[in-house]
Asker: 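Below you'll find the structure I mean.
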Amino acid sequence: MCNVPGVHPDSTPPTTDDLSRMLGQVLGDAAQHAVLSPVRVQSVATEVADRLMTAVAIGDYLPGERLPGERELATILDVSRATVREAIGRLQAVGIVEIKRGRTGGAYVRTSWTEATASAVRRTLLPRWSELEQLFDLRCLVEGLVARAAALRRTDEDLSAMRAALDDYAQARTLGQEQAADAAFHGAVLAATGNPKISALSRDILTRVSLGFPVEPYGEDDPENYRRALTEHRKIYQAIAAGDAEQAGSLAEEHFTLTSDMMRAMLERAQERVPG
């Protein structure tokens with residue numbers, strides 16, 4: 001169950017305007033604390049390297065996957081390409097990425113966790129944790145709104161896209177395939193709302209939760225989480241197909257706690273490795 005500050009669980013469901021106001025309140029102190037704020041510390045390359053290592057640890061980018069190019073990362077993090085290049089070099093030095101040359105070259109993730117990861121995760125997540133907790137709550141509420149709208153507005157084409165994504169998820173054999181099918185399923189639910197503003201709000205909160213990277217944090221390969229997600233995807237689909245808006249919304253709110261549970265576990269893992 002999601003608990004959004006200032007919203008009682010038994011109160012009247014919030015309107016889109018209510019959500020806009022709450023989003024402004026939660027993200028209002030952006031200049032000081034925003035997860036997406038430009039990197040502005042004494043050692044910029046260190047901050048960029050830490051954020052990239054954390055993004056890999058929480059599964060924004062998976063082993064075998066290519067990181068975005070220098071130009072894209074520089075835009076995301078609002079730093080120079082030279083700074084990104086230096087940060088990538090640090091990830092290479094500790095064994096998190098390998099650099100490949102040629103047409104398909106770039107920085108490819110080798111592993112999600114090394115000895116250097118724990119301290120990077122602590123430095124990245126701990127100062128942001130209070131805001132992240134608020135974002136987790138807000139995301140659950142917004143995704144409940146998305147699922148409710150989808151249940152009321154879905155078309156046969158929308159349901160077909162959701163079924164295809166469910167099939168892909170059930171047949172996935174790698175973590176990357178799971179992540180792609182998961183994104184396709186939730187993308188189809190978003191499309192079913194028929195409201196680009198709702199879709200934009202959902203994707204904005206996802207990006208903030210993901211430390212500025214527009215992909216779903218996916219953790220590590222965990223069969224239990226896979227089974228839970230597949231079961232919950234199917235239940236959400238069934239509620240949407242049946243036009244049961246309240247059931248779809250409640251299921252979605254519970255489903256999106258998967259991300260917060262995973263990121264909390266990653267932070268706990270990092271804290272367990274504090275030298276002492």
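Here the structure is a predicted model, which means the values were calculated and not measured.
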Asker: Looking at Phe185 versus Tyr237, is the centre-to-centre ring distance below 6.0 Å?
Answerer: no
Asker: Hey, which of Tyr169, Phe256, Tyr226 is the one that makes ring-ring contact (aromatic ring centres under 6.0 Å, His included) with His233?
Answerer: Tyr169
Asker: If I compare all heavy atoms of Ser199 with all of Thr193, which pair ends up nearest, and what's the gap?
Answerer: OG-OG1, 4.1 Å
Asker: Count I, L, V, M, F, W, Y as connected when their side-chain heavy atoms are under 4.5 Å apart, and connections chain through other members. Are Val109 and Val94 then in the same cluster?
Answerer: yes
Asker: Taking all non-hydrogen atoms of both residues into account, name the closest pair between Ala245 and Ala151 and its distance.
Answerer: CA-CB, 3.7 Å
Asker: Can you tell me how far apart OH (Tyr218) and CG (Leu258) are? Round to the nearest 0.5 Å.
Answerer: 8.5 Å
Asker: Measure the shortest side-chain to side-chain distance between Thr83 and Arg85 over non-hydrogen atoms and say whether it is less than 4.5 angstrom.
Answerer: no
Asker: So which heavy atom on Thr257 is nearest to which on Glu253, and how close?
Answerer: CG2-O, 3.7 Å
Asker: Is there a continuous path of hydrophobic side-chain contacts, each under 4.5 Å between heavy atoms, that joins Leu77 to Leu206?
Answerer: no
Asker: When you look at Ser160 and Glu157, which way does the side chain to side chain contact (heavy atoms under 4.5 Å, CB included) test go after all the steps?
Answerer: CA-CA 5 Å; Ser160 178; Glu157 290 79 9; 5.5 Å; no
Asker: Answer yes if the side chains of Asp204 and Thr207 hold a donor-acceptor pair under 3.5 Å, and no otherwise.
Answerer: no
Asker: For Ala192 and Ala150, work out which heavy atoms get closest and say how close.
Answerer: CB-CB, 3.8 Å
Asker: Does the pair Glu178 and Leu175 meet the rule for a side chain to side chain contact (heavy atoms under 4.5 Å, CB included), with working shown?
Answerer: CA-CA 5 Å; Glu178 288 176 27; Leu175 200 59; 3.7 Å; yes
Asker: Drop me the distance from Met263's CE to Ile58's CD1, to the nearest 0.5 angstrom.
Answerer: 4.0 Å
Asker: For Ala170 versus Arg234, what's the shortest heavy-atom pair and its separation?
Answerer: CB-NH2, 3.9 Å
Asker: Would you confirm whether Ser210, through its side chain, and Val215, through its main-chain N or O, come within 3.5 Å as a donor-acceptor pair?
Answerer: yes
Asker: Run Thr155 and Leu159 through side chain to side chain contact (heavy atoms under 4.5 Å, CB included) and show every step you take.
Answerer: CA-CA 6 Å; Thr155 65; Leu159 294 176; over 6 Å; no
Asker: Closer than 4.0 angstrom, basic N to acidic O: yes or no for Glu72 and Arg81?
Answerer: no
Asker: Please tell me whether Leu152 and Met162 are part of a single hydrophobic cluster in this structure, the criterion being side-chain heavy atoms less than 4.5 Å apart.
Answerer: no
Asker: Could you tell me if the side chain of Ser119 sits less than 4.5 Å from the side chain of Met53, heavy atoms only?
Answerer: no
Asker: Identify whether the distance between the nearest side-chain nitrogen and carboxylate oxygen of Arg110 and Glu65 falls below 4.0 Å.
Answerer: no
Asker: Applying the side chain to side chain contact (heavy atoms under 4.5 Å, CB included) test to His255, which of His186, Arg228, Lys235 qualifies?
Answerer: His186
Asker: In this structure, which one of Ile88, Thr124, Ile96 forms a side chain to side chain contact (heavy atoms under 4.5 Å, CB included) with Leu52?
Answerer: Ile88
Asker: In terms of hydrophobic clusters joined by side-chain contacts under 4.5 Å, are Leu67 and Leu62 together?
Answerer: no
Asker: Provide the closest heavy-atom pair for Ala239 versus Gln247 in the form atom of the first, atom of the second, distance.
Answerer: CB-CG, 3.8 Å
Asker: Can you check side chain to side chain contact (heavy atoms under 4.5 Å, CB included) on Arg66 and Tyr61, steps first, answer last?
Answerer: CA-CA 8 Å; Arg66 182 182 181 275; Tyr61 302 104; over 6 Å; no
Asker: In terms of side-chain geometry, is the basic nitrogen of Arg128 or Glu47 positioned less than 4.0 Å from the acidic oxygen of its partner?
Answerer: yes
Asker: Please confirm whether the backbone N or O of Asp50 pairs with a side-chain atom of Arg123, one donor and one acceptor, at under 3.5 Å?
Answerer: no
Asker: With rounding to the nearest 0.5 angstrom, report the CG to CG distance, Leu201 to Leu145.
Answerer: 8.0 Å
Asker: Using atom types as modelled and distance alone, determine if a side-chain donor or acceptor of Gln171 lies under 3.5 Å from a backbone N or O of Asp168.
Answerer: no
Asker: Heavy atoms, side chains only, cut-off 4.5 Å: are Leu126 and Gln271 in contact?
Answerer: yes
Asker: Whether the Arg139 and Ser202 side chains hold a donor-acceptor pair (N or O, under 3.5 Å, no angle test) is what I'd like checked.
Answerer: no
Asker: List the steps, then state whether salt bridge (Lys or Arg N to Asp or Glu O under 4.0 Å) holds for Arg269 with Glu220.
Answerer: CA-CA 13 Å; Arg269 177 180 179 182; Glu220 296 179 305; 3.0 Å; yes
Asker: Does Glu268 form a salt bridge (Lys or Arg N to Asp or Glu O under 4.0 Å) with Arg264? I'd like the steps, not just the answer.
Answerer: CA-CA 6 Å; Glu268 290 172 357; Arg264 191 172 291 107; 5.6 Å; no
Asker: Between Thr259 and Glu216, does any side-chain donor sit less than 3.5 Å from a side-chain acceptor?
Answerer: yes
Asker: Report whether Met262 and Leu211 are members of the same hydrophobic cluster (ILVMFWY, side-chain heavy atoms less than 4.5 Å apart, transitive linking).
Answerer: yes
Asker: Can you tell me how far the CG atom of Asp244 sits from the CD atom of Glu246, to the nearest 0.5 Å?
Answerer: 8.0 Å
Asker: Between Trp129 and Phe136, what is the ring plane arrangement, given parallel below 30°, perpendicular above 60°, and tilted in between?
Answerer: perpendicular
Asker: I need the Leu91 CG to Thr114 OG1 distance, nearest 0.5 Å.
Answerer: 8.0 Å
Asker: Nearest 0.5 Å, please: how far is CZ in Arg122 from OG1 in Thr54?
Answerer: 10.5 Å
